[in-house]
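Here the structure comes first, spelled out in structure tokens, and everything after it is commentary.
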Amino acid sequence: MNIYNYLLETIDKKGAAYLILLDPDKLDTSKLEKFIQGTKDANVDGYLVGGSLMLNGDFEGFIRKVKQLSKLPAIIFPGAINQVSSLADAILYLSVVSGRNPEHLIGKHVLSAPLIKQKNLEPLSTGYILVESGAPTTAQYMSGSMPIPRDKPEIAAATALASEYLGMKLVYLEAGSGAQQTVPNEMVKAVSSVCSIPVIVGGGIRSPKTAREKVDSGAKIIVTGNFFENENNWSLVKEFSDAVHKKVPITT
Ligand code: 1GP
């Protein structure tokens with residue numbers, strides 16, 4: 001399956017796509033079966049798999065388990081170049097375009113490109129834009145780059161447009177996992193109004209209402225991770241999914 005086409009078709013059909021981020025360090029594999037079943041029942045569109053660090057998680061084993069449990073696409077969201085596996089369906093080939101750190105603009109890409117080819121993974125080139133969201137986030141710290149100030153939507157819009165002109169297929173507006181504040185709606189609007197490639201929004205989204213606000217502002221893919229690391233929230237997956245899929249009538 002071509003994952004980029006799958007995402008475009010899903011966006012076209014449902015209004016927006018909903019991806020759940022699974023971090024092997026944060027989600028116990030013994031609980032994965034129950035969670036994945038819930039996401040399938042809730043009409044989730046796929047999974048991002050990865051994390052800034054891989055302290056305890058067995059990355060390869062985790063993806064294998066996800067693929068055994070679900071036919072939905074598993075897309076690697078790499079925190080480092082060792083997070084490349086042929087068991088996944090695609091990889092977000094992220095360039096931290098909000099920063100000026102050459103390692104995250106091209107350096108890591110040179111190292112990982114041969115691996116991606118060897119493993120026959122579909123690379124989804126993505127302009128990754130870090131947005132100020134309260135306290136410094138792991139993504140900012142690990143990438144050694146400054147986020148775009150949250151009251152500067154025009155910088156985000158120009159950066160996103162530059163990504164598109166450089167040939168990237170997606171733009172990711174990232175507040176950071178567990179962010180205090182989400183990417184401002186005004187910024188999502190500014191970016192979506194200039195870009196013709198799909199805009200992903202993630203970081204700190206903790207309610208279906210917030211997810212829907214981002215979609216209404218022009219986001220085409222919504223990502224949540226942190227919120228569902230708490231098992232008590234699992235019953236809410238369908239509400240998030242319904243909020244994102246604005247073209248799909250809600251069923252109970
Ligand atoms: C992080 O955008 C993702 O990279 C998801 O963020 O974990 O805060 O939902 P949360």
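Counting convention: from 1, in listed order, for ligands and their atoms alike. Because the structure is predicted, anything quoted here is derived from the model rather than measured.
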Quick check on Glu231: does its CD atom have over 12 non-hydrogen neighbours (other residues, nucleotides or ligands) under 6.0 Å away? yes
Quick one: which ligand 1 atoms are inside 4.0 Å of a heavy atom on Asn226? 7 (O), 8 (O), 9 (O), 10 (P)
Please report which non-hydrogen protein atom sits nearest to atom 5 (C) of ligand 1, along with the residue it belongs to and the distance in Å to one decimal place. Gly203 N, 3.7 Å
Sidechain N-carboxylate O distance under 4.0 Å for Glu213, Lys209: yes
Within 4.0 Å of some non-hydrogen atom of Thr224, the atoms of ligand 1 are 9 (O)
Ligand 1 atoms in contact with Phe77 (distance to a heavy atom under 4.0 Å): 4 (O)
Number the atoms of ligand 1 from 1 as they appear, then name those within less than 4.0 Å of a heavy atom of Gly178, with their elements. 7 (O), 8 (O), 10 (P)
Relative to the ring of Phe35, is the ring of Trp234 parallel (under 30°), tilted (30 to 60°) or perpendicular (over 60°)? tilted
Would Gly225 count as a polar contact of ligand 1, with the cut-off being nitrogen or oxygen pairs under 3.5 Å? yes
Pair Glu9-Asn5, side-chain donor/acceptor within less than 3.5 Å: no
List ligand 1 atoms under 4.0 Å from Tyr172, heavy atoms only on the residue side. 2 (O), 3 (C), 4 (O)
For Asn43 and Lys14, which I'm curious about, is there any donor-acceptor pair between the side chains at under 3.5 Å? yes
At a 4.0 Å threshold, what atoms of ligand 1 neighbour a non-hydrogen atom of Gly176? 8 (O)
Polar contacts were defined as any N/O atom of the residue lying under 3.5 Å from an N/O atom of the ligand; does this apply to Gly204 and ligand 1? yes
If you count the non-hydrogen atoms of other residues, nucleotides and ligands that lie under 6.0 Å from NZ in Lys169, is the total more than 12? yes
Regarding Lys214 and Thr182, do their side chains bring together a donor and an acceptor under 3.5 Å, going by distance alone? yes
Ranked by distance from atom 4 (O) of ligand 1, the top protein heavy atom is Glu174 OE2, 2.4 Å
